[in-house]
Engineer: 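Structure in C-alpha coordinates, see below.
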2 protein chains.
Amino acid sequence: MQTVTCDMDRCFLCRNCIPEWKQLIGLQKNTLNIRKGRPLFREGEKVEGLFFLYSGTVKVHILWTDEKEMILRFARPGDIVGYRGLGGDVYPVSATALEDSVVCFVSAEFFEATLRTNPSLTYTLMHLYAGELQKTERRLRDLVHKEVKSRVAAALLEISDLFGLDKDRYISVTLTRQDIASYAGTRYETVFKFFAELERGKVISTEGKRIRINKPERLRVLVG
Amino acid sequence: MQTVTCDMDRCFLCRNCIPEWKQLIGLQKNTLNIRKGRPLFREGEKVEGLFFLYSGTVKVHILWTDEKEMILRFARPGDIVGYRGLGGDVYPVSATALEDSVVCFVSAEFFEATLRTNPSLTYTLMHLYAGELQKTERRLRDLVHKEVKSRVAAALLEISDLFGLDKDRYISVTLTRQDIASYAGTRYETVFKFFAELERGKVISTEGKRIRINKPERLRVLVG
DNA sequence: CGAATTATTGAGAGCAATCAACTGATGTGG
DNA sequence: CCACATCAGTTGATTGCTCTCAATAATTCG
(Lines give C-alpha, C1' and ligand atoms only; values in the text may rest on other atoms or scores of the structure.)
Protein backbone atom coordinates (compact mmCIF):
# COMPACT_ATOMS: atom_id res chain seq x y z
CA MET A 1 0.00 0.00 0.00
CA GLN A 2 1.69 3.19 -1.15
CA THR A 3 1.93 6.05 1.28
CA VAL A 4 4.01 8.96 0.07
CA THR A 5 5.06 11.84 2.23
CA CYS A 6 4.65 15.18 0.54
CA ASP A 7 6.15 18.63 0.75
CA MET A 8 3.01 20.42 1.77
CA ASP A 9 3.10 22.06 5.15
CA ARG A 10 -0.26 20.60 6.02
CA CYS A 11 -2.07 18.30 3.72
CA PHE A 12 -5.39 16.55 3.64
CA LEU A 13 -6.14 13.17 5.12
CA CYS A 14 -3.97 13.55 8.17
CA ARG A 15 -0.69 14.12 6.40
CA ASN A 16 -0.98 10.71 4.78
CA CYS A 17 -1.55 12.33 1.48
CA ILE A 18 -1.72 10.70 -1.87
CA PRO A 19 -0.23 12.63 -4.81
CA GLU A 20 -2.81 11.59 -7.40
CA TRP A 21 -5.54 12.53 -5.03
CA LYS A 22 -4.15 15.99 -4.43
CA GLN A 23 -3.90 16.42 -8.16
CA LEU A 24 -7.53 15.44 -8.62
CA ILE A 25 -8.58 17.93 -5.99
CA GLY A 26 -6.56 20.54 -7.82
CA LEU A 27 -8.35 19.74 -11.06
CA GLN A 28 -11.72 20.25 -9.46
CA LYS A 29 -11.24 23.98 -9.09
CA ASN A 30 -14.48 24.21 -7.18
CA THR A 31 -13.10 26.75 -4.78
CA LEU A 32 -15.72 28.51 -2.70
CA ASN A 33 -15.55 31.45 -0.33
CA ILE A 34 -17.63 31.00 2.78
CA ARG A 35 -18.41 34.04 4.91
CA LYS A 36 -18.07 33.94 8.66
CA GLY A 37 -21.23 32.50 10.19
CA ARG A 38 -22.42 30.91 6.94
CA PRO A 39 -23.13 27.18 6.76
CA LEU A 40 -21.23 24.79 4.51
CA PHE A 41 -24.12 22.39 4.95
CA ARG A 42 -26.84 21.71 7.45
CA GLU A 43 -28.05 18.65 9.28
CA GLY A 44 -30.81 16.93 7.35
CA GLU A 45 -29.85 18.38 3.96
CA LYS A 46 -29.20 16.03 1.09
CA VAL A 47 -25.53 15.06 0.86
CA GLU A 48 -23.88 16.87 -2.05
CA GLY A 49 -20.23 16.25 -1.28
CA LEU A 50 -17.23 17.06 0.88
CA PHE A 51 -15.30 20.22 1.59
CA PHE A 52 -11.54 20.54 1.81
CA LEU A 53 -10.62 23.47 3.98
CA TYR A 54 -7.91 25.67 2.48
CA SER A 55 -8.15 28.56 4.94
CA GLY A 56 -10.32 29.68 7.82
CA THR A 57 -11.98 27.77 10.63
CA VAL A 58 -15.10 25.65 10.59
CA LYS A 59 -17.15 24.09 13.37
CA VAL A 60 -18.93 20.78 12.91
CA HIS A 61 -21.97 20.72 15.16
CA ILE A 62 -25.10 18.75 15.87
CA LEU A 63 -28.41 20.33 16.74
CA TRP A 64 -30.71 19.67 19.63
CA THR A 65 -33.11 22.56 19.33
CA ASP A 66 -32.65 26.07 18.04
CA GLU A 67 -30.36 27.82 20.47
CA LYS A 68 -28.99 24.51 21.72
CA GLU A 69 -26.25 22.71 19.88
CA MET A 70 -23.19 20.61 20.56
CA ILE A 71 -19.93 21.30 18.76
CA LEU A 72 -18.38 18.00 17.72
CA ARG A 73 -15.12 19.30 16.37
CA PHE A 74 -13.27 22.22 14.88
CA ALA A 75 -11.64 22.06 11.46
CA ARG A 76 -8.60 24.04 10.46
CA PRO A 77 -6.85 24.43 7.10
CA GLY A 78 -5.95 21.02 5.76
CA ASP A 79 -8.95 19.28 7.30
CA ILE A 80 -11.85 17.65 5.50
CA VAL A 81 -15.42 18.48 6.44
CA GLY A 82 -18.52 16.60 5.41
CA TYR A 83 -17.16 13.08 5.21
CA ARG A 84 -19.65 11.96 7.83
CA GLY A 85 -22.26 12.23 5.12
CA LEU A 86 -20.66 9.55 2.98
CA GLY A 87 -22.85 6.54 2.49
CA GLY A 88 -25.92 8.29 3.84
CA ASP A 89 -28.50 10.36 2.06
CA VAL A 90 -28.55 13.33 4.43
CA TYR A 91 -25.88 15.01 6.52
CA PRO A 92 -26.07 13.85 10.14
CA VAL A 93 -24.36 17.05 11.30
CA SER A 94 -23.97 20.70 10.31
CA ALA A 95 -20.85 22.67 9.44
CA THR A 96 -20.53 26.43 9.83
CA ALA A 97 -17.65 28.81 9.14
CA LEU A 98 -16.31 30.52 12.26
CA GLU A 99 -14.16 32.83 10.12
CA ASP A 100 -14.20 33.72 6.45
CA SER A 101 -13.02 30.49 4.85
CA VAL A 102 -11.95 29.09 1.53
CA VAL A 103 -12.94 25.54 0.72
CA CYS A 104 -12.70 23.18 -2.20
CA PHE A 105 -15.94 21.36 -2.88
CA VAL A 106 -15.83 17.79 -4.15
CA SER A 107 -19.02 16.05 -5.13
CA ALA A 108 -19.92 12.80 -3.41
CA GLU A 109 -20.09 10.94 -6.75
CA PHE A 110 -16.61 12.08 -7.72
CA PHE A 111 -15.26 11.21 -4.31
CA GLU A 112 -16.85 7.76 -4.31
CA ALA A 113 -15.47 7.11 -7.78
CA THR A 114 -12.01 8.07 -6.59
CA LEU A 115 -12.36 5.72 -3.63
CA ARG A 116 -13.16 2.88 -5.99
CA THR A 117 -10.01 3.37 -8.03
CA ASN A 118 -7.76 4.31 -5.14
CA PRO A 119 -7.70 1.73 -2.33
CA SER A 120 -4.93 3.67 -0.65
CA LEU A 121 -7.25 6.61 -0.22
CA THR A 122 -9.96 4.37 1.21
CA TYR A 123 -7.45 2.98 3.67
CA THR A 124 -6.40 6.46 4.76
CA LEU A 125 -9.97 7.59 5.12
CA MET A 126 -10.72 4.49 7.18
CA HIS A 127 -8.01 5.52 9.62
CA LEU A 128 -9.39 9.04 9.67
CA TYR A 129 -12.75 7.70 10.79
CA ALA A 130 -11.11 5.36 13.29
CA GLY A 131 -9.19 8.24 14.85
CA GLU A 132 -12.30 10.41 15.08
CA LEU A 133 -14.19 7.53 16.64
CA GLN A 134 -11.56 7.12 19.35
CA LYS A 135 -11.59 10.82 20.13
CA THR A 136 -15.37 10.91 20.28
CA GLU A 137 -15.48 7.92 22.60
CA ARG A 138 -13.03 9.56 24.96
CA ARG A 139 -15.16 12.68 24.99
CA LEU A 140 -18.19 10.57 25.77
CA ARG A 141 -16.44 9.20 28.83
CA ASP A 142 -15.19 12.61 29.94
CA LEU A 143 -18.66 14.06 29.63
CA VAL A 144 -19.96 11.50 32.09
CA HIS A 145 -17.13 11.48 34.58
CA LYS A 146 -15.51 14.90 34.56
CA GLU A 147 -17.18 17.89 36.09
CA VAL A 148 -17.77 21.04 34.14
CA LYS A 149 -14.65 22.99 35.07
CA SER A 150 -12.42 20.12 34.08
CA ARG A 151 -14.25 19.77 30.81
CA VAL A 152 -13.86 23.45 29.99
CA ALA A 153 -10.19 23.31 30.93
CA ALA A 154 -9.69 20.20 28.81
CA ALA A 155 -11.53 21.88 25.94
CA LEU A 156 -9.19 24.88 26.11
CA LEU A 157 -6.12 22.67 26.09
CA GLU A 158 -7.47 20.65 23.17
CA ILE A 159 -8.20 23.84 21.27
CA SER A 160 -4.70 25.17 21.97
CA ASP A 161 -3.23 21.89 20.72
CA LEU A 162 -5.35 22.04 17.60
CA PHE A 163 -4.81 25.66 16.62
CA GLY A 164 -1.44 26.23 18.23
CA LEU A 165 -0.17 29.31 20.03
CA ASP A 166 0.98 32.54 18.44
CA LYS A 167 4.19 34.33 19.42
CA ASP A 168 2.54 35.82 22.51
CA ARG A 169 1.33 32.34 23.49
CA TYR A 170 -2.27 33.21 22.80
CA ILE A 171 -4.42 30.57 21.17
CA SER A 172 -4.37 31.28 17.44
CA VAL A 173 -8.10 31.34 16.93
CA THR A 174 -10.98 33.51 17.96
CA LEU A 175 -13.89 31.71 19.51
CA THR A 176 -16.88 33.00 21.43
CA ARG A 177 -17.56 31.76 24.93
CA GLN A 178 -20.72 30.23 23.52
CA ASP A 179 -18.63 28.12 21.15
CA ILE A 180 -16.40 26.94 23.97
CA ALA A 181 -19.48 26.11 26.05
CA SER A 182 -21.01 24.16 23.19
CA TYR A 183 -17.80 22.23 22.74
CA ALA A 184 -17.37 21.46 26.44
CA GLY A 185 -21.03 20.52 26.81
CA THR A 186 -22.13 23.27 29.13
CA ARG A 187 -23.72 26.74 29.23
CA TYR A 188 -22.47 30.15 28.33
CA GLU A 189 -22.76 31.48 31.89
CA THR A 190 -20.82 28.56 33.33
CA VAL A 191 -17.91 29.17 30.97
CA PHE A 192 -18.10 32.85 31.76
CA LYS A 193 -17.86 32.26 35.50
CA PHE A 194 -15.00 29.84 35.08
CA PHE A 195 -13.09 32.37 33.01
CA ALA A 196 -13.71 34.98 35.69
CA GLU A 197 -12.18 32.60 38.25
CA LEU A 198 -9.11 32.16 36.08
CA GLU A 199 -8.73 35.90 35.65
CA ARG A 200 -8.89 36.34 39.39
CA GLY A 201 -5.72 34.26 39.43
CA LYS A 202 -7.25 31.05 40.68
CA VAL A 203 -5.07 28.71 38.72
CA ILE A 204 -6.49 25.37 37.79
CA SER A 205 -4.13 22.52 37.12
CA THR A 206 -5.08 20.13 34.36
CA GLU A 207 -2.89 17.34 33.13
CA GLY A 208 0.23 19.18 34.21
CA LYS A 209 -0.73 22.36 32.40
CA ARG A 210 -1.97 25.64 33.71
CA ILE A 211 -4.46 27.92 32.04
CA ARG A 212 -4.73 31.62 32.45
CA ILE A 213 -7.12 33.98 30.71
CA ASN A 214 -5.96 37.41 29.73
CA LYS A 215 -8.62 39.12 27.69
CA PRO A 216 -12.09 38.23 26.63
CA GLU A 217 -11.98 36.18 23.46
CA ARG A 218 -8.20 35.83 23.61
CA LEU A 219 -6.96 32.96 25.68
CA ARG A 220 -3.44 32.43 26.88
CA VAL A 221 -2.32 28.97 27.77
CA LEU A 222 0.71 28.67 30.02
CA VAL A 223 2.32 25.27 30.12
CA GLY A 224 3.41 24.79 33.71
CA MET B 1 -16.56 -2.55 -6.13
CA GLN B 2 -17.98 -5.98 -5.52
CA THR B 3 -20.53 -6.38 -2.78
CA VAL B 4 -22.15 -9.76 -2.69
CA THR B 5 -25.12 -10.59 -0.55
CA CYS B 6 -24.78 -13.88 1.23
CA ASP B 7 -27.02 -16.55 2.68
CA MET B 8 -25.92 -16.18 6.27
CA ASP B 9 -28.57 -15.07 8.68
CA ARG B 10 -26.23 -12.52 10.21
CA CYS B 11 -22.78 -11.99 8.87
CA PHE B 12 -19.81 -9.89 9.73
CA LEU B 13 -19.19 -6.38 8.56
CA CYS B 14 -22.76 -5.20 8.74
CA ARG B 15 -24.23 -7.72 6.33
CA ASN B 16 -22.01 -6.40 3.56
CA CYS B 17 -20.01 -9.53 3.66
CA ILE B 18 -17.32 -10.61 1.28
CA PRO B 19 -17.14 -14.33 0.45
CA GLU B 20 -13.36 -14.61 0.31
CA TRP B 21 -13.14 -12.88 3.61
CA LYS B 22 -15.53 -15.25 5.30
CA GLN B 23 -13.54 -18.11 3.90
CA LEU B 24 -10.33 -16.69 5.33
CA ILE B 25 -11.94 -16.31 8.70
CA GLY B 26 -13.04 -19.89 8.46
CA LEU B 27 -9.49 -21.00 7.68
CA GLN B 28 -8.20 -19.32 10.79
CA LYS B 29 -9.88 -21.77 13.12
CA ASN B 30 -8.77 -19.69 16.06
CA THR B 31 -12.01 -20.23 17.86
CA LEU B 32 -11.94 -19.26 21.52
CA ASN B 33 -14.42 -19.75 24.33
CA ILE B 34 -14.71 -16.75 26.61
CA ARG B 35 -16.37 -17.18 29.97
CA LYS B 36 -18.92 -14.71 31.25
CA GLY B 37 -17.17 -11.78 32.87
CA ARG B 38 -13.81 -12.51 31.23
CA PRO B 39 -12.08 -9.88 29.12
CA LEU B 40 -11.33 -10.30 25.43
CA PHE B 41 -8.80 -7.52 25.81
CA ARG B 42 -8.18 -4.60 28.09
CA GLU B 43 -7.55 -0.92 27.54
CA GLY B 44 -3.82 -0.23 27.33
CA GLU B 45 -2.85 -3.77 26.32
CA LYS B 46 -0.84 -4.25 23.17
CA VAL B 47 -3.07 -4.82 20.14
CA GLU B 48 -3.00 -8.48 19.13
CA GLY B 49 -5.92 -8.60 16.76
CA LEU B 50 -9.69 -8.61 16.32
CA PHE B 51 -12.47 -10.84 17.51
CA PHE B 52 -15.41 -12.04 15.46
CA LEU B 53 -18.30 -12.86 17.74
CA TYR B 54 -20.01 -16.17 16.89
CA SER B 55 -22.21 -16.43 19.96
CA GLY B 56 -22.76 -14.64 23.24
CA THR B 57 -22.74 -10.97 24.16
CA VAL B 58 -19.81 -8.63 24.68
CA LYS B 59 -19.60 -5.10 26.04
CA VAL B 60 -17.04 -2.60 24.77
CA HIS B 61 -16.22 -0.19 27.55
CA ILE B 62 -13.81 2.56 28.48
CA LEU B 63 -12.42 2.99 31.96
CA TRP B 64 -12.36 6.05 34.14
CA THR B 65 -11.28 4.56 37.43
CA ASP B 66 -11.87 1.16 38.93
CA GLU B 67 -15.57 0.93 39.67
CA LYS B 68 -16.33 3.64 37.13
CA GLU B 69 -16.64 2.84 33.48
CA MET B 70 -18.65 3.83 30.45
CA ILE B 71 -20.10 1.22 28.14
CA LEU B 72 -19.62 2.34 24.55
CA ARG B 73 -21.54 -0.41 22.83
CA PHE B 74 -22.81 -3.94 23.02
CA ALA B 75 -21.81 -6.59 20.50
CA ARG B 76 -23.98 -9.53 19.50
CA PRO B 77 -23.27 -12.54 17.29
CA GLY B 78 -22.09 -11.34 13.91
CA ASP B 79 -20.35 -8.26 15.27
CA ILE B 80 -16.65 -7.50 15.24
CA VAL B 81 -14.89 -6.40 18.40
CA GLY B 82 -11.43 -4.89 18.67
CA TYR B 83 -11.26 -2.99 15.40
CA ARG B 84 -10.75 0.25 17.30
CA GLY B 85 -7.25 -0.99 17.99
CA LEU B 86 -6.28 -1.05 14.30
CA GLY B 87 -3.51 1.34 13.48
CA GLY B 88 -2.62 1.94 17.10
CA ASP B 89 -0.26 0.08 19.36
CA VAL B 90 -2.59 -0.38 22.35
CA TYR B 91 -6.32 -0.91 22.65
CA PRO B 92 -8.10 2.36 23.47
CA VAL B 93 -11.00 0.44 25.03
CA SER B 94 -11.75 -2.82 26.80
CA ALA B 95 -14.05 -5.67 25.81
CA THR B 96 -15.64 -8.08 28.26
CA ALA B 97 -18.00 -11.02 27.77
CA LEU B 98 -21.42 -10.49 29.35
CA GLU B 99 -22.33 -14.12 28.67
CA ASP B 100 -20.28 -17.17 27.79
CA SER B 101 -19.20 -16.39 24.25
CA VAL B 102 -17.49 -17.96 21.29
CA VAL B 103 -15.21 -15.78 19.22
CA CYS B 104 -12.86 -16.18 16.29
CA PHE B 105 -9.57 -14.44 16.83
CA VAL B 106 -7.81 -12.87 13.86
CA SER B 107 -4.34 -11.40 14.30
CA ALA B 108 -3.79 -7.77 13.41
CA GLU B 109 -1.05 -8.65 10.91
CA PHE B 110 -3.29 -11.10 9.11
CA PHE B 111 -6.13 -8.62 9.08
CA GLU B 112 -3.96 -5.79 7.78
CA ALA B 113 -2.62 -8.07 5.06
CA THR B 114 -6.15 -8.93 4.03
CA LEU B 115 -7.05 -5.27 3.89
CA ARG B 116 -4.15 -4.66 1.53
CA THR B 117 -5.30 -7.28 -0.93
CA ASN B 118 -9.02 -6.65 -0.54
CA PRO B 119 -10.06 -3.04 -1.14
CA SER B 120 -13.69 -4.05 -0.88
CA LEU B 121 -13.15 -5.08 2.71
CA THR B 122 -11.41 -1.81 3.49
CA TYR B 123 -14.34 0.04 2.00
CA THR B 124 -16.82 -1.92 4.10
CA LEU B 125 -14.78 -1.40 7.24
CA MET B 126 -14.61 2.31 6.47
CA HIS B 127 -18.39 2.44 6.47
CA LEU B 128 -18.49 0.46 9.70
CA TYR B 129 -16.34 3.11 11.36
CA ALA B 130 -18.40 5.90 9.80
CA GLY B 131 -21.61 4.40 11.18
CA GLU B 132 -20.14 3.98 14.65
CA LEU B 133 -18.91 7.56 14.55
CA GLN B 134 -22.38 8.85 13.76
CA LYS B 135 -23.94 6.85 16.56
CA THR B 136 -21.32 8.00 19.04
CA GLU B 137 -21.80 11.63 18.06
CA ARG B 138 -25.52 11.34 18.61
CA ARG B 139 -24.92 9.85 22.03
CA LEU B 140 -22.58 12.73 22.82
CA ARG B 141 -25.33 15.18 22.07
CA ASP B 142 -27.94 13.23 24.03
CA LEU B 143 -25.63 13.05 27.03
CA VAL B 144 -25.47 16.83 27.13
CA HIS B 145 -29.07 17.67 26.38
CA LYS B 146 -31.25 14.84 27.65
CA GLU B 147 -31.84 14.31 31.32
CA VAL B 148 -31.13 11.04 32.99
CA LYS B 149 -34.55 9.40 32.74
CA SER B 150 -34.71 10.06 29.02
CA ARG B 151 -31.26 8.64 28.56
CA VAL B 152 -32.13 5.47 30.43
CA ALA B 153 -35.34 5.11 28.45
CA ALA B 154 -33.48 5.68 25.19
CA ALA B 155 -30.86 3.15 26.25
CA LEU B 156 -33.55 0.54 26.87
CA LEU B 157 -35.12 1.15 23.49
CA GLU B 158 -31.73 0.98 21.78
CA ILE B 159 -30.96 -2.26 23.55
CA SER B 160 -34.30 -3.71 22.57
CA ASP B 161 -33.65 -2.74 18.96
CA LEU B 162 -30.21 -4.31 19.09
CA PHE B 163 -31.07 -7.60 20.75
CA GLY B 164 -34.66 -7.92 19.70
CA LEU B 165 -37.61 -9.19 21.70
CA ASP B 166 -38.41 -12.81 22.48
CA LYS B 167 -41.89 -14.31 22.09
CA ASP B 168 -43.01 -12.83 25.41
CA ARG B 169 -41.75 -9.44 24.27
CA TYR B 170 -38.93 -9.43 26.77
CA ILE B 171 -35.58 -8.10 25.65
CA SER B 172 -33.51 -11.06 24.53
CA VAL B 173 -30.52 -10.33 26.68
CA THR B 174 -29.69 -10.30 30.34
CA LEU B 175 -28.05 -7.16 31.59
CA THR B 176 -27.47 -5.92 35.10
CA ARG B 177 -28.77 -2.54 36.16
CA GLN B 178 -25.14 -1.52 36.52
CA ASP B 179 -24.57 -2.26 32.83
CA ILE B 180 -27.58 -0.20 31.83
CA ALA B 181 -26.39 2.63 34.06
CA SER B 182 -22.91 2.52 32.54
CA TYR B 183 -24.41 2.61 29.08
CA ALA B 184 -26.80 5.48 29.81
CA GLY B 185 -24.07 7.45 31.60
CA THR B 186 -25.53 7.41 35.08
CA ARG B 187 -25.46 5.56 38.41
CA TYR B 188 -26.83 2.25 39.53
CA GLU B 189 -29.21 3.79 42.07
CA THR B 190 -30.63 6.22 39.56
CA VAL B 191 -31.49 3.38 37.17
CA PHE B 192 -32.93 1.44 40.06
CA LYS B 193 -35.24 4.26 41.08
CA PHE B 194 -36.34 4.85 37.52
CA PHE B 195 -37.22 1.17 37.15
CA ALA B 196 -39.19 1.35 40.39
CA GLU B 197 -41.17 4.27 38.93
CA LEU B 198 -41.94 2.27 35.81
CA GLU B 199 -43.09 -0.71 37.86
CA ARG B 200 -45.38 1.52 39.86
CA GLY B 201 -47.13 2.12 36.57
CA LYS B 202 -45.82 5.57 35.90
CA VAL B 203 -45.55 5.25 32.16
CA ILE B 204 -42.92 7.27 30.45
CA SER B 205 -43.35 8.12 26.82
CA THR B 206 -40.25 8.14 24.65
CA GLU B 207 -40.26 8.50 20.92
CA GLY B 208 -43.79 7.16 20.72
CA LYS B 209 -42.95 4.02 22.64
CA ARG B 210 -43.81 3.00 26.15
CA ILE B 211 -41.59 1.02 28.45
CA ARG B 212 -42.67 -1.18 31.27
CA ILE B 213 -40.47 -3.25 33.54
CA ASN B 214 -41.67 -6.62 34.78
CA LYS B 215 -38.93 -8.35 36.67
CA PRO B 216 -35.46 -7.38 37.73
CA GLU B 217 -33.00 -8.25 35.00
CA ARG B 218 -35.76 -8.99 32.52
CA LEU B 219 -37.14 -6.01 30.71
CA ARG B 220 -40.34 -5.88 28.75
CA VAL B 221 -40.73 -3.23 26.14
CA LEU B 222 -44.23 -2.41 25.03
CA VAL B 223 -44.53 -0.49 21.82
CA GLY B 224 -47.41 1.91 22.35
C1' DC C 1 -27.64 -21.34 60.29
C1' DG C 2 -24.69 -17.39 60.11
C1' DA C 3 -21.91 -14.39 57.31
C1' DA C 4 -21.29 -11.87 53.44
C1' DT C 5 -22.85 -9.90 49.61
C1' DT C 6 -26.35 -7.57 46.95
C1' DA C 7 -30.79 -5.06 46.61
C1' DT C 8 -33.76 -1.34 48.18
C1' DT C 9 -34.92 2.93 49.89
C1' DG C 10 -34.63 7.49 52.01
C1' DA C 11 -32.29 11.71 53.27
C1' DG C 12 -28.99 15.09 52.21
C1' DA C 13 -25.45 17.67 49.71
C1' DG C 14 -23.53 19.74 45.81
C1' DC C 15 -23.20 21.23 41.36
C1' DA C 16 -24.59 23.42 37.43
C1' DA C 17 -28.67 25.26 34.84
C1' DT C 18 -31.92 28.71 34.93
C1' DC C 19 -33.65 33.09 35.75
C1' DA C 20 -33.51 37.75 36.46
C1' DA C 21 -31.42 41.98 37.51
C1' DC C 22 -27.82 45.07 36.70
C1' DT C 23 -24.11 47.33 33.97
C1' DG C 24 -22.04 49.55 30.31
C1' DA C 25 -21.68 50.29 25.43
C1' DT C 26 -23.71 51.58 21.26
C1' DG C 27 -27.03 53.70 18.53
C1' DT C 28 -30.88 56.94 17.49
C1' DG C 29 -33.81 60.84 17.37
C1' DG C 30 -34.82 65.23 19.00
C1' DC D 1 -25.09 67.19 22.55
C1' DC D 2 -28.09 64.85 25.42
C1' DA D 3 -31.94 61.67 26.73
C1' DC D 4 -33.47 57.43 25.89
C1' DA D 5 -33.72 52.76 23.99
C1' DT D 6 -31.57 48.61 22.98
C1' DC D 7 -28.55 44.92 23.41
C1' DA D 8 -24.76 42.24 24.76
C1' DG D 9 -22.07 41.26 28.58
C1' DT D 10 -21.86 40.32 33.56
C1' DT D 11 -23.25 38.75 37.93
C1' DG D 12 -25.91 36.99 41.91
C1' DA D 13 -29.78 34.22 43.66
C1' DT D 14 -32.50 30.38 43.26
C1' DT D 15 -33.98 25.97 41.85
C1' DG D 16 -33.86 21.37 40.86
C1' DC D 17 -31.70 17.38 39.44
C1' DT D 18 -28.70 13.74 40.28
C1' DC D 19 -25.09 11.84 42.91
C1' DT D 20 -23.63 10.26 47.21
C1' DC D 21 -24.03 8.21 51.43
C1' DA D 22 -26.00 5.41 54.75
C1' DA D 23 -29.23 2.42 56.82
C1' DT D 24 -32.12 -1.47 56.35
C1' DA D 25 -33.87 -5.56 53.94
C1' DA D 26 -33.24 -9.56 51.22
C1' DT D 27 -30.72 -13.10 49.23
C1' DT D 28 -26.91 -16.03 48.34
C1' DC D 29 -23.46 -19.05 49.72
C1' DG D 30 -20.52 -21.70 52.52
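Below, all heavy atoms of this structure are taken into account, side chains as well, without hydrogens, waters or symmetry copies. Every chain is numbered from 1, with letters handed out A, B, ... down the list of sequences.
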Engineer: Between A:R177 and D:dG9, does any side-chain N or O lie under 4.0 Å from OP1 or OP2?
Structural biologist: no
Engineer: Once you round it to whole Å, what is the distance between P of D:dT18 and NZ of B:K146?
Structural biologist: 13 Å
Engineer: Side chains of B:Y91 and B:E48: does their closest heavy-atom pair fall under 4.5 Å?
Structural biologist: yes
Engineer: Expressed as a whole number of angstroms, how long is the span from B:F192:CZ to D:dC21:P?
Structural biologist: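 Taking atom P of D:dC21 as the reference, CZ of B:F192 is at 19 Å.
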Engineer: Considering only C:dT9, C:dT18, D:dT18, which nucleotide approaches the side chain of A:R187 most closely?
Structural biologist: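 Closest nucleotide among those given: C:dT18.
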Engineer: Considering every strand and a 4.0 Å limit on heavy-atom distances, what is the contact class for A:E189: base, sugar-phosphate, or nothing?
Structural biologist: base
Engineer: If you measure only the distance, is there a donor-acceptor pair under 3.5 Å linking the side chains of B:D179 and B:T176?
Structural biologist: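 Their side chains do contain a donor-acceptor pair, which is all the 3.5 Å distance test asks for.
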Engineer: I need the CD-C1' distance between A:Q178 and D:dC7, as an integer number of Å.
Structural biologist: 16 Å
Engineer: Please find out if less than 6.0 Å separates the ring center of B:F111 from that of B:Y83.
Structural biologist: no
Engineer: For C:dA7, does OP1 or OP2 lie under 4.0 Å from any side-chain N or O of B:Y188?
Structural biologist: yes
Engineer: Does C:dA16 have its OP1 or OP2 closer than 4.0 Å to a side-chain nitrogen or oxygen of A:T186?
Structural biologist: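 So the side-chain polar atoms of A:T186 never come under 4.0 Å of the phosphate oxygens OP1 or OP2 of C:dA16.
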Engineer: Can you check whether A:T190 has a side-chain N or O nearer than 4.0 Å to OP1 or OP2 of C:dA17?
Structural biologist: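 Checking C:dA17 against A:T190, a side-chain N or O does come within under 4.0 Å of OP1 or OP2.
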Engineer: Tell me the interatomic distance from A:E147, atom CD, to D:dC17, atom C1', rounded to whole angstroms.
Structural biologist: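 Atom-to-atom, A:E147 to D:dC17, this comes out as 16 Å.
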Engineer: Hey, does the side chain of A:K149 come within less than 4.0 Å of C:dG14's phosphate (OP1/OP2), counting only N and O?
Structural biologist: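 Result: no.
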Engineer: Taking CZ from A:R151 and P from C:dC15, how many angstroms apart are they, rounded to a whole number?
Structural biologist: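 In whole Å, C:dC15 P and A:R151 CZ are 14 Å from each other.
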Engineer: As a test of reading the structure: which of C:dT9, C:dA16, D:dG12 is closest to the side chain of A:K193, going by heavy atoms?
Structural biologist: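 Nearest to the side chain of A:K193 among the choices is D:dG12.
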Engineer: Would you call A:I180 and A:F195 a side-chain contact if the rule is heavy atoms closer than 4.5 Å?
Structural biologist: yes
Engineer: Could you tell me how far apart B:F194 (CZ) and C:dT8 (P) are, to the nearest whole angstrom?
Structural biologist: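 Taking CZ of B:F194 and P of C:dT8, I get 16 Å after rounding.
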Engineer: Would you mind checking if A:K135 and A:E158 are paired as a salt bridge, meaning a charged N to carboxylate O distance below 4.0 Å?
Structural biologist: no
Engineer: Rounded to whole Å, how long is the line connecting atom CG of B:D179 with atom C1' of C:dT6?
Structural biologist: 15 Å
Engineer: Below the 4.0 Å mark, does D:dT20 have OP1 or OP2 next to a side-chain nitrogen or oxygen of B:K68?
Structural biologist: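 Answer yes for this pair, as a side-chain N or O of B:K68 is under 4.0 Å from OP1 or OP2.
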